[in-house]
Amino acid sequence: MDVNSITSQASGAFAQQGQTKKSQLGQQEFLHLLVAQMRNQDPINPMDGAEFASQLAQFNSVEQLISVNNGLKTLQSSQDMMSASLTNSMAASLTGKQVKALSNQVHLGAEGNTDIQFELNNSADSVEIIIRDASGSEIRREMMNGLSTGDHDWTWDGLNNAGDRMGEGEYTIEVKAANGDNPVGSLVFIEGIADRVRYTSEGVFLSVNDVEIPIGDVEEVGTGIF
């Protein structure tokens with residue numbers, strides 16, 4: 001058998017893969033290799049029939065696997081489309097509803113206060129609420145003591161640590177809770193009426209209190225205050 005000839009034809013077959021990963025042997029490439037092997041077999045010592053049958057069986061298995069893989073891709077695509085459709089329909093039905101969602105963002109208006117809701121996994125001796133602006137700089141820090149497990153809220157008057165009124169916009173909230181030297185887990189929430197739904201290539205977003213929230217972060221939905 002002319003090994004150099006087989007290698008040359010095999011290289012040509014793999015070159016037809018384009019951008020396909022070289023580690024993956026497709027249906028067409030397998031067929032090219034098999035034909036190249038048959039053309040270049042030694043006439044005096046032809047390929048053993050059992051070996052040829054074995055290679056045909058391998059080819060058939062590869063073909064079946066490719067067919068199964070294509071079927072799975074089609075099924076996955078259909079499921080993704082159905083899931084996206086259900087998500088879009090559900091999101092539209094949330095407008096006008098009271099929503100509680102995970103979010104460490106709050107919107108401060110030109111006037112007035114804004115509420116900050118958070119949950120503690122355990123009771124805490126000390127809780128620090130830290131507010132940062134869009135650049136990440138700390139503008140306000142508030143200390144609370146002796147809070148129990150569960151939901152809590154604190155009203156921010158819109159002032160920074162120096163007592164100056166902050167501008168309208170979004171701010172980031174961080175809650176640090178502890179019992180002595182032991183940290184206590186916490187989550188920051190936002191609650192309000194969902195007044196708008198926005199569909200993007202990155203997902204579906206609800207607008208709550210002028211803050212956009214991924215629909216996957218919604219924890220509770222109702223018709224009244226939680």
Side-chain angles (χ1 to χ4, degrees), residues 84 87-88 90-226:
T87 298
N88 292 343
M90 181 179 68
S93 69
L94 293 181
T95 55
K97 300 288 183 64
Q98 182 78 14
V99 171
K100 178 179 180 181
L102 291 170
S103 177
N104 64 347
Q105 302 289 314
V106 295
H107 180 86
L108 179 67
E111 299 178 351
N113 306 325
T114 187
D115 291 329
I116 296 171
Q117 290 90 21
F118 59 95
E119 177 185 313
L120 298 179
N121 294 343
N122 294 293
S123 58
D125 294 335
S126 63
V127 176
E128 284 184 301
I129 298 176
I130 304 167
I131 304 175
R132 293 186 171 88
D133 60 17
S135 67
S137 300
E138 179 183 324
I139 55 129
R140 180 70 179 269
R141 183 180 293 252
E142 187 75 14
M143 177 70 75
M144 305 174 73
N145 297 314
L147 298 186
S148 60
T149 304
D151 293 343
H152 299 276
D153 62 84
W154 176 72
T155 300
W156 179 33
D157 54 13
L159 305 181
N160 63 13
N161 289 326
D164 299 322
R165 175 75 187 187
M166 300 302 300
E168 182 177 7
E170 287 194 9
Y171 294 84
T172 302
I173 309 301
E174 180 183 3
V175 174
K176 291 184 177 181
N179 264 326
D181 295 330
N182 299 318
V184 173
S186 62
L187 294 172
V188 182
F189 292 93
I190 188 169
E191 296 180 9
I193 302 296
D195 56 15
R196 186 174 67 254
V197 179
R198 190 166 69 92
Y199 302 95
T200 73
S201 59
E202 298 177 351
V204 181
F205 294 84
L206 295 178
S207 177
V208 180
N209 296 344
D210 294 318
V211 175
E212 283 202 334
I213 303 165
I215 192 171
D217 289 341
V218 174
E219 294 284 308
E220 296 181 32
V221 178
T223 56
I225 299 176
F226 297 114

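Each residue takes its place number in the sequence, starting with 1.
Identified under the salt bridge (Lys or Arg N to Asp or Glu O under 4.0 Å) test for residues 121-139, with sequence neighbours left out: Glu128-Arg141, Arg132-Glu174, Glu138-Arg141. Applying the salt bridge (Lys or Arg N to Asp or Glu O under 4.0 Å) test to pairs two or more places apart or on separate chains, those with a residue in residues 195-208 are Arg198-Glu212. The salt bridge (Lys or Arg N to Asp or Glu O under 4.0 Å) pairs that include a residue from residues 142-159 are Lys100-Asp151, Arg140-Glu142, Arg140-Asp157, where partners are two or more places apart or lie in different chains.
Side-chain contact between Thr114 and Asn209 is absent, with no heavy-atom pair separated by less than 4.5 Å. At least one side-chain heavy atom of His107 sits less than 4.5 Å from a side-chain heavy atom of Glu168. Side-chain atoms of Met166 and Leu159, non-hydrogen and from C-beta on, never get closer than 4.5 Å to each other. No side-chain heavy atom of Val127 sits less than 4.5 Å from a side-chain heavy atom of Trp154.
Residues Ile190 and Gln105 share a closest heavy-atom pair of CD1-O, 3.9 Å. Contact between Asn121 and Thr149 at its shortest, heavy atoms only, is O-CG2, 3.3 Å. The two residues Ser126 and Met143 make their nearest non-hydrogen contact at CB-SD, 4.0 Å.
One N or O on the side chain of Asn179 and one on the backbone of Ser123 form a donor-acceptor pair closer than 3.5 Å. A donor-acceptor pair under 3.5 Å is formed between the side chain of Ser186 and the backbone N or O of Val175.
Between the side chains of Thr155 and Asp115, at least one donor N or O lies within less than 3.5 Å of an accepting N or O.
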